[in-house]
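These numbers come from the heavy atoms of this one structure, side chains and all, not from hydrogens, waters or symmetry mates. All values reported here derive from a predicted model rather than from experimental measurement. Quick note: residue numbers are just sequence positions, from 1.
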Amino acid sequence: MTITSPHLGSSKAWTDAQLLYALEEVVEKELNRHLKVAKDWMPHEYVPFSDGRNFPGIFEDGEAWAADQSKVTDIGKIALVVNLLTEDNLPSYHHEIASLFGRDGAWGTWVHRWTAEEGRHGIVMRDYLLTSRAVDPDKLEQFRMAHMAEGFESDNRHSMLHSVAYVAFQELATRVSHRNTGHQSGDPVCDRMLARIATDENLHMVFYRNLLGAAFELAPDLTMQAVRDVVVNFRMPGHGMPGFERAAAQMAIGEIYNMRIHHDDVIQPVLRFLKVMSIDGLGPEGAKAQEELGLYMGGLDSEASKFDEKLAARKARMAARGRA
């Protein structure tokens with residue numbers, strides 16, 4: 001992809017490769033900062049292995065799975081499966097960012113470090129789910145096979161600026177989803193595990209958010225257009241998994257992830273931190289993108305308010321039935 005910007009001192013075209021090179025120093029700085037604050041942790045320390053027992057199969061004492069064997073709430077189980085299946089596609093995610101960002105220099109070091117850190121999330125979540133018997137292990141494996149067999153292709157693979165913008169929001173969205181799942185799980189062990197994962201996701205968000213800020217300084221018009229496109233067309237990376245739409249609707253009602261949370265806790269914090277809506281001196285295309293972004297956010301807020309009203313009415317009806 002070839003892109004141009006009137007803010008770079010000339011009319012020359014910028015390729016993705018040139019932008020990657022221009023941002024290399026920022027990546028190195030952010031990588032060093034990340035390595036100083038990130039803490040290694042052991043997935044096995046967050047799993048209650050003493051609660052586990054054999055499943056049917058090669059073990060004669062295997063006990064069949066049953067829905068009542070776990071203390072995790074119904075909405076917690078749904079969200080845990082969605083979150084784990086999302087993490088399972090890590091090989092495809094690695095391929096996407098390694099192909100786009102490269103495997104050399106600071107970019108390559110970051111790509112591999114990010115992948116290694118993300119790998120812990122799938123390990124600890126699966127071990128927890130199987131040990132605690134929170135979900136049917138056969139169905140979980142069937143879902144994993146179906147989801148991974150489809151692979152993953154980013155909506156933003158055509159542009160490194162779009163990709164950086166997407167992950168800045170997506171990492172925060174994942175952090176919020178994990179954290180809220182822990183709160184709603186009904187199990188303190190699960191809550192602690194997901195809080196640990198959420199800490200990683202937040203650090204990843206900070207890396208990409210700061211990189212996005214540097215991109216605004218380098219190419220404000222182009223970056224503004226990328227942010228507009230990403231926000232308007234945002235989809236979670238697990239959107240292609242079996243039963244995602246139904247699970248997403250249940251997670252919205254369960255207040256794990258919905259339009260209000262997406263607006264207030266994911267999109268707005270990044271926009272505010274980078275002062276996206278107050279950036280001035282933009283060219284015509286950048287100014288247009290900024291205006292369209294503002295209009296979209298206003299519409300999203302209105303739709304979120306409508307959802308809030310419906311959710312409140314639903315809670316009131318359920319409370320009334322409980323008193324009857």
Side-chain angles (χ1 to χ4, degrees), residues 46-48 51-52 55 64-90 118 121-150 152 170-198 201 234-263 265-266 304 307-308 310-312 314-315 317-319 321-322:
Y46 288 81
V47 180
D51 293 345
F55 288 102
W65 178 84
D68 61 355
Q69 292 172 341
S70 171
K71 66 182 74 173
V72 176
T73 61
D74 289 341
I75 188 59
K77 294 173 183 177
I78 292 169
L80 279 163
V81 171
V82 169
N83 291 350
L84 174 56
L85 291 181
T86 299
E87 300 285 356
D88 274 333
N89 251 342
L90 181 60
E118 288 286 341
H121 304 168
I123 291 170
V124 71
M125 290 177 67
R126 176 167 284 101
D127 285 350
Y128 169 81
L129 286 174
L130 295 179
T131 300
S132 67
R133 293 183 169 242
V135 298
D136 184 334
D138 292 342
K139 288 185 178 179
L140 181 63
E141 177 60 11
Q142 291 162 7
F143 285 155
R144 187 190 71 85
M145 288 294 295
H147 185 42
M148 292 193 68
E150 288 294 320
F152 173 80
Q170 181 267 319
E171 292 283 4
L172 183 52
T174 305
R175 171 196 177 276
V176 169
S177 181
H178 282 311
R179 201 67 193 96
N180 288 344
T181 298
H183 291 328
Q184 302 283 2
S185 69
D187 181 8
V189 174
C190 181
D191 192 22
R192 286 194 296 271
M193 172 191 69
L194 292 177
R196 177 59 260 186
I197 293 174
E201 303 290 10
F234 186 87
R235 296 195 296 176
M236 291 293 275
H239 61 81
M241 69 180 60
F244 178 79
E245 291 186 2
R246 184 171 185 272
Q250 292 170 309
M251 291 168 66
I253 294 172
E255 299 183 86
I256 288 176
Y257 202 96
N258 55 41
M259 281 191 289
R260 174 53 63 199
I261 293 170
H262 182 64
H263 177 278
D265 300 338
V266 177
F307 175 83
D308 291 341
K310 291 179 180 179
L311 185 59
R314 184 178 186 274
K315 289 180 178 179
R317 290 195 300 272
M318 294 180 66
R321 290 173 188 167

Min side-chain heavy-atom separation Glu171-Glu118 under 4.5 Å: yes
Output all residues satisfying side-chain hydrogen bond (donor to acceptor under 3.5 Å, both in side chains) with Thr174, sequence neighbours left out; order by chain, then residue number. Gln170
Residue pairs involving residues 69-86 (criterion salt bridge (Lys or Arg N to Asp or Glu O under 4.0 Å); sequence neighbours excluded): none
Within this structure, what is the CG-CD distance for the pair Asp136 and Gln142, rounded to the nearest 0.5 Å? 7.5 Å
Pairs meeting criterion salt bridge (Lys or Arg N to Asp or Glu O under 4.0 Å) with involvement of residues 175-193, two or more places apart: Arg179-Asp191
Enumerate the salt bridge (Lys or Arg N to Asp or Glu O under 4.0 Å) contacts for residues 236-254, please, sequence neighbours excluded, ordered by first and then second residue. none
Check: Asn89 and Met148 side chains under 4.5 Å, non-hydrogen atoms: yes
Taking side chain to side chain contact (heavy atoms under 4.5 Å, CB included) as the definition, give me every residue that meets it alongside Asp265, ordered by chain and number, with sequence neighbours left out. Val176, Ile261
Using every non-hydrogen atom in the two residues, find where Tyr257 and His262 come nearest and quote the distance to one decimal. OH-ND1, 2.6 Å
What's the separation between atom CG in Asp308 and atom CZ in Arg260, rounded to the nearest 0.5 Å? 4.5 Å
Going by the rule side chain to side chain contact (heavy atoms under 4.5 Å, CB included), which residues pair with Asp127 if we only count those two or more places apart in sequence or in a different chain? Val47, Phe49, Ile123
Taking C-beta and beyond as the side chain, do Leu311 and Lys315 meet within less than 4.5 Å on heavy atoms? yes
Side-chain contact test, heavy atoms from C-beta onward, threshold under 4.5 Å: evaluate it for Gln250 versus Ile75 and give yes or no. yes
Roughly how far, to the nearest 0.5 Å, is the CZ atom of Arg144 from the CG atom of Leu85? 9.5 Å
Rounded to the nearest 0.5 Å, what separates atom NE2 in His183 from atom CG in Leu194? 10.0 Å
CZ/Phe234 to NE2/His239 distance, rounded to the nearest 0.5 angstrom? 10.0 Å
Heavy atoms only: give me the nearest Ser70-Val72 pair and the separation to one decimal. OG-N, 3.1 Å
Please find the pair of heavy atoms, one from Glu255 and one from Asn180, that lie closest to each other, and give the distance. O-ND2, 4.0 Å
Could you check whether any side-chain heavy atom of Val82 comes within less than 4.5 Å of a side-chain heavy atom of Met236, counting everything from C-beta outward? no
Ser177: partners by side-chain hydrogen bond (donor to acceptor under 3.5 Å, both in side chains), with sequence neighbours left out: Asn83
Run the salt bridge (charged side-chain N to carboxylate O under 4.0 Å, His left out) test against Asp138 and tell me which residues pass, sequence neighbours left out. none
Closest heavy-atom contact between Trp65 and Arg133? NE1-O, 3.0 Å
I want to check something: taking the side chain as every heavy atom from C-beta on, are Phe143 and Val135 in contact at a cut-off of under 4.5 Å? no
Side chains of Tyr128 and Val189: does their closest heavy-atom pair fall under 4.5 Å? yes
Heavy-atom closest pair (Pro137 atom, Phe55 atom, distance to 0.1 Å) is CG-CE2, 3.6 Å
What residues, two or more places apart in sequence or in another chain, satisfy side-chain hydrogen bond (donor to acceptor under 3.5 Å, both in side chains) together with Lys139? none
For Ala252, enumerate each residue passing the side chain to side chain contact (heavy atoms under 4.5 Å, CB included) test, keeping only those at least two apart in sequence or located in another chain. Asn258, Phe307
Sequence neighbours excluded, which residues qualify as side-chain hydrogen bond (donor to acceptor under 3.5 Å, both in side chains) partners of Arg126? Asp88
Report the residues that fulfil side chain to side chain contact (heavy atoms under 4.5 Å, CB included) with Ala66, sequence neighbours left out, ordered by chain and then residue number. Asp68, Gln69
Would you compute the distance between atom CG of Leu80 and atom NE2 of His178 and round it to the nearest 0.5 angstrom? 9.5 Å
Looking at Gly186, is its backbone amide N or carbonyl O close enough to the side chain of Thr73 to form a donor-acceptor pair, meaning the two atoms are under 3.5 Å apart? no
Please give me the minimum heavy-atom distance between Val266 and Ala173, naming the atom from each residue. CG2-CA, 3.8 Å
